[in-house]
Visitor: 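First the structure, then my questions, so here it is.
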Amino acid sequence: MSTETKESLNFIEQIVEDDIEKNMHDGRVLTRFPPEPNGYLHIGHAKAICVDFGIAQKYGGACNLRFDDTNPVTEDTEYVEAIKKDIKWLGFDWNGEAQYASNYFPQLYAFAVKLIEKGLAYVDDSSAEQIAELKGTPTKPGSDSPFRSRSVAENLELFEKMKNGDFPDGARVLRAKIDMTAPNMLMRDPVIYRIKHATHHRTGDDWCIYPMYDFAHGQSDSIEGITHSLCSLEFIHHRPLYNWCIEQLEIFPSQQYEFARMNVSYMITSKRRLLKLVTEGVVTSWDDPRMPTISGMRRRGYPPMALRTFCDKVGVAKRENLIDISLLEFCVKDELNKTAPRVMTVIDPVKVVITNYPEGQTEELTLINNPEDETQGSRTLPFSKEIYIERNDFREDPPSPKKFYRLGPERNVRLKGAYIIRGETFIKDENGLITEIHCTYFPDSKSGEDTSGVKAKGVLHWVSVPHAVDVEVREYDRLFTDPTPDAHEGKDSLDFINHESLNIISNAKAEPSLLQANIGDRFQFMRLGYYCVDTDSSPEKIIFNRTVAMRDKWAKKK
RNA sequence: UGACCCAUGGUGUAAUUGGUAACACACCGGUUUUUGGUACCGACAUUCAAGGUUCGAGUCCUUGUGGGUCAACCA
């Protein structure tokens, strides 16, 4: 008797399972991730990667990485390398070598010739404007180009001349001959080849004509034997053309399926607008920790696994969506809670003197590194007469004393992993700012061997003054003040920039174990949040990025 | 005066394919806690509308309504 509950499938998984059941392509599953190497990958790509590679993985198939590099003027190998790095970092492996649409240029050219020979493509001498003119509008049918009825021989000759570089850019195009009155604009004799005397990042100057997306993508899928070509909803209108090309060329029948792209609140994914953030100096670079790029999130400290579980939780469907960024942050915190070692760092330090603690004495205390993971062991930490605590962990006169679990005059608190101390007096400067707090400690209240019987109001993190390490901490907030900054008509996303998205703290005090930290290492700063060592760090100065702050009910109540 | 896609709590995704709305996040309340973290418990929707088919509809049909996409020699 099977009691297993049937796992619910998204609509793509259902299609794939149906196909496997029908033994389509002998049950083979081959997907592909087809980025254009003209920009950096962002959170939206992460979703596509998880779907493309994830489906393949789930059904024992494989996923090709294919660069859709059919427009030499915008593409570059720099992006190729960055994209590969991001995919690997997310934890996916593509099938064999990376593929390139440009590898198929000879084959694609032959496909075009075949179409001409079948009387299904023609060379059009019209200008871009004229072509647009005759194309009609979504509500008005288009009409035939005067060049539509050229003979096969003439088309063949002209197309070859196009290839040979006999014409300047824009002089002529090759168009598929379909139906100028089709309700789907893409079927109104789409341009499939254009002249561009440009150097391609891979094929150099071998070609001066380049196929359009619609004449390259589907055929590339077909050449590679892709079984399920998954893309976002905006390509749904391309599907009839995708199928038309495959049918007319009589090649392997790859199938395209569309799913909704993922939108995340307070993030933008338009390459153009992302670029603007960099060029306008809103952020420092493509991998600025505030950027929704994969490289930005990596630098911010988001674990790749968190991104994957996030995409997983978001699911796959066909409706427009706006995912609450708090789900992403939840996934990040959930992952980090299990994996990040705990350390203590005081961000806004105020000095505490323990008046009854022996002068000059240092104790080595042992602290657990991660209560969620025993295998992470423990470390020792120096304790002494003078320590730093967080400024807001002391209140001279707490507003609601019963609810305040921190230090104050005549209040007892436990120093994490150390002793219980009691607030006594404090010193203020001329501005009323507290500069020093005097406490006494209970010698028999040592953590783990507490026989004092003293009740502590709460637990504070701390750092020993003589052993403290100065570090810089960079706190980030969302880049925009509006959840959908690019969805307001007549307004630019830059109108919603959060000018307080970066807060630099240059004099935080960290426990000495952090001296051993390496770039990229992630930690939980107890009671504060999760942080990682930034790439800007040097041996002289460790710089931490705040990946995400801890959930804080107390801050919320206030 | 078009074609195509979509419609389930604040958000996102489910619902054994026609059998009486589930899970996660967020929010609110509580328990535990040497992190105001974690963990745990509780509260939170009769599925866009109106008809129809049916013993029975979130699932099927019809008509509306609302949202999205399409007029680059970009992908």
Side-chain angles (χ1 to χ4, degrees), chain A residues 5-10 14 34-36 38 68-71 73-75 101 124 126-128 131-133 135-142 169-175 182-188 190-196 209-210 212-214 216-217 231 233-240 258 260 262 265 271 310 313-331 333-334 337-338 342 344 367-368 371-372 403-406 413-418 420 447-448 450 456 458-461 524-530 550-557:
Chain A
T5 50
K6 196 170 179 186
E7 174 205 13
S8 73
L9 303 173
N10 66 51
Q14 284 179 25
E36 184 188 12
N38 71 341
D68 243 332
D69 55 351
T70 57
N71 187 2
V73 302
T74 59
E75 297 155 4
D124 195 327
S126 310
S127 68
I131 288 175
E133 185 79 14
K135 200 146 216 169
T137 69
T139 52
K140 282 193 203 78
D169 287 6
R172 286 179 166 82
V173 292
L174 184 69
R175 291 229 257 170
N184 180 345
M185 302 270 314
L186 281 157
M187 298 300 270
R188 322 238 263 229
V191 172
I192 57 176
Y193 257 97
R194 77 289 212 191
I195 302 170
K196 273 182 195 284
I209 56 171
Y210 293 93
M212 297 286 289
Y213 166 83
D214 286 304
H217 190 87
C231 61
L233 246 32
E234 55 264 43
F235 289 95
I236 200 160
H237 299 100
H238 293 252
R239 189 171 3 125
E258 311 85 10
M262 175 180 72
S265 63
K271 276 181 190 171
F310 171 63
K313 283 179 188 291
V314 164
V316 180
K318 296 181 83 162
R319 44 176 149 154
E320 292 294 317
N321 59 75
L322 181 65
I323 314 297
D324 195 322
I325 195 168
S326 63
L327 180 62
L328 208 206
E329 293 177 341
F330 166 80
C331 292
K333 281 183 277 195
D334 196 43
N337 177 49
K338 292 182 282 194
R342 273 105 242 242
M344 294 196 285
L367 276 87
I368 299 288
E372 307 290 324
K403 292 279 186 186
F404 188 71
Y405 305 155
R406 306 181 185 190
V413 294
R414 151 106 35 215
L415 295 173
K416 178 70 189 176
I420 295 175
S447 191
D450 183 358
V459 181
L460 306 187
H461 61 281
Q524 182 195 98
F525 287 0
M526 292 196 90
R527 301 209 300 137
L528 297 176
Y530 295 96
M550 213 74 113
R551 184 165 153 228
D552 188 351
K553 282 181 185 159
W554 169 244
K556 217 166 246 172
K557 270 181 191 155

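Residue numbers begin at 1 in each chain, while the letters A, B, ... track the order of the sequences.
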Visitor: So Thr137(A), base contact, sugar-phosphate only, or nothing? Heavy-atom distance under 4.0 Å.
Guide: base
Visitor: Considering just the side-chain nitrogens and oxygens of Arg342(A), establish if one lies under 4.0 Å of OP1 or OP2 belonging to rU38(B).
Guide: no
Visitor: Has Thr70(A) got a side-chain N or O lying under 4.0 Å from the OP1 or OP2 atom of rA75(B)?
Guide: yes
Visitor: Using the purine O4'-C1'-N9-C4 or pyrimidine O4'-C1'-N1-C2 torsion, is rU46(B) syn (within 90° of 0) or anti?
Guide: anti
Visitor: Should the side chain of His238(A) and the base of rA75(B) be counted as holding a donor-acceptor pair, with the cut-off at 3.5 Å?
Guide: yes
Visitor: Over all strands shown, is Pro371(A) touching base, sugar-phosphate only, or nothing at heavy-atom distances under 4.0 angstrom?
Guide: base
Visitor: So Glu36(A), base contact, sugar-phosphate only, or nothing? Heavy-atom distance under 4.0 Å.
Guide: sugar-phosphate
Visitor: For Glu133(A), answer base if it contacts any base atom (sugar-phosphate contacts may also be present), sugar-phosphate if it contacts only those atoms, and nothing otherwise; contact means non-hydrogen atoms under 4.0 Å.
Guide: nothing
Visitor: Expressed as a whole number of angstroms, how long is the span from Lys318(A):NZ to rA7(B):C1'?
Guide: 13 Å
Visitor: For a quick test of reading the model: is some side-chain N or O of Arg406(A) closer than 4.0 Å to OP1 or OP2 of rG36(B)?
Guide: no
Visitor: Which part of the nucleic acid does Ala128(A) contact within heavy-atom distance under 4.0 Å: base, sugar-phosphate only, or nothing?
Guide: base
Visitor: Quick one: Asn321(A) CG to rA7(B) P, roughly how many Å, whole number?
Guide: 12 Å
Visitor: Would you mind reading off the distance between Leu328(A) atom CG and rC25(B) atom P, rounded to a whole angstrom?
Guide: 14 Å
Visitor: At under 4.0 Å between heavy atoms, what does Gly529(A) touch on the DNA or RNA strands: base, sugar-phosphate, or nothing?
Guide: nothing
Visitor: If you look at every strand shown and take non-hydrogen atoms under 4.0 Å, does Gly142(A) touch a base, only sugar-phosphate, or nothing?
Guide: nothing
Visitor: According to the 5.5 Å centroid and 30° plane-angle thresholds, does Tyr213(A) stack upon the nucleobase of rA75(B)?
Guide: no
Visitor: How would you label the contact of Val173(A) with the nucleic acid (heavy atoms, under 4.0 Å): base, sugar-phosphate, or nothing?
Guide: base
Visitor: Does Met344(A) reach a base, just sugar-phosphate, or nothing at all? Heavy atoms under 4.0 Å.
Guide: nothing
Visitor: Taking only the side-chain nitrogens and oxygens of Arg188(A), find out if one of them lies under 4.0 Å from OP1 or OP2 of rA72(B).
Guide: no
Visitor: Using a heavy-atom cut-off of under 4.0 Å over every strand shown, decide if Val316(A) touches base, sugar-phosphate, or nothing.
Guide: sugar-phosphate
Visitor: Both Thr139(A) and Asp214(A) contact RNA chain B. Taking the nearest nucleotide for each, which residue is further toward the 5' end?
Guide: Thr139(A)
Visitor: Go through the N and O atoms of the side chain of His237(A) and the base of rU69(B), and report whether any donor-acceptor pair is under 3.5 Å.
Guide: yes
Visitor: How are the rings of His238(A) and Tyr213(A) set relative to one another: parallel (under 30°), tilted (30 to 60°) or perpendicular (over 60°)?
Guide: perpendicular
Visitor: Hey, is the side chain of Arg527(A) poking within less than 4.0 Å of OP1 or OP2 on rG36(B), counting only N and O atoms?
Guide: yes
Visitor: What's the CG-P distance between Leu186(A) and rA3(B), to the nearest Å?
Guide: 17 Å
Visitor: Using atom C1' of each nucleotide, how far apart are rC25(B) and rU33(B) to the nearest Å?
Guide: 24 Å
Visitor: Determine the contact category for Leu233(A): base if any of its heavy atoms lies under 4.0 Å from a base atom, sugar-phosphate if only primed atoms, P, OP1 or OP2 are that close, otherwise nothing.
Guide: nothing
Visitor: Can you give me the N/O atom pairs linking the protein to nucleotides 41-44 of chain B at distances under 3.5 Å, or say none if there are none?
Guide:
none

Visitor: In this structure, how many angstroms lie between the P atom of rU34(B) and the CD1 atom of Ile420(A), rounded?
Guide: 11 Å
Visitor: Name all stems that contain residues of RNA chain B, defined as runs of 3 or more consecutive Watson-Crick or G-U wobble pairs, both distances under 3.5 Å.
Guide: B:2-7 with B:65-70, B:10-13 with B:22-25, B:28-31 with B:39-42, B:48-52 with B:60-64
Visitor: Considering every strand and a 4.0 Å limit on heavy-atom distances, what is the contact class for Tyr193(A): base, sugar-phosphate, or nothing?
Guide: nothing
Visitor: Write down the atom of Ala101(A), the atom of Asp69(A), and the distance for their closest heavy-atom approach.
Guide: N-OD1, 3.3 Å
Visitor: Report the residue (Met526(A) or Arg194(A)) whose heavy-atom-nearest nucleotide on RNA chain B is the more 5′ of the two.
Guide: Met526(A)
Visitor: Identify the two heavy atoms, one from His461(A) and one from Met526(A), that lie closest to each other, and give their separation to 0.1 Å.
Guide: ND1-O, 3.5 Å
Visitor: Under 4.0 Å from OP1 or OP2 of rG37(B): is there any side-chain N or O of Lys553(A) that close?
Guide: yes
Visitor: Distance check needed: rA39(B) P versus Lys338(A) NZ, whole Å only.
Guide: 9 Å
Visitor: With sugar-phosphate meaning primed atoms plus P, OP1 and OP2, does Lys403(A) contact a base, only sugar-phosphate, or nothing at under 4.0 Å between heavy atoms?
Guide: base
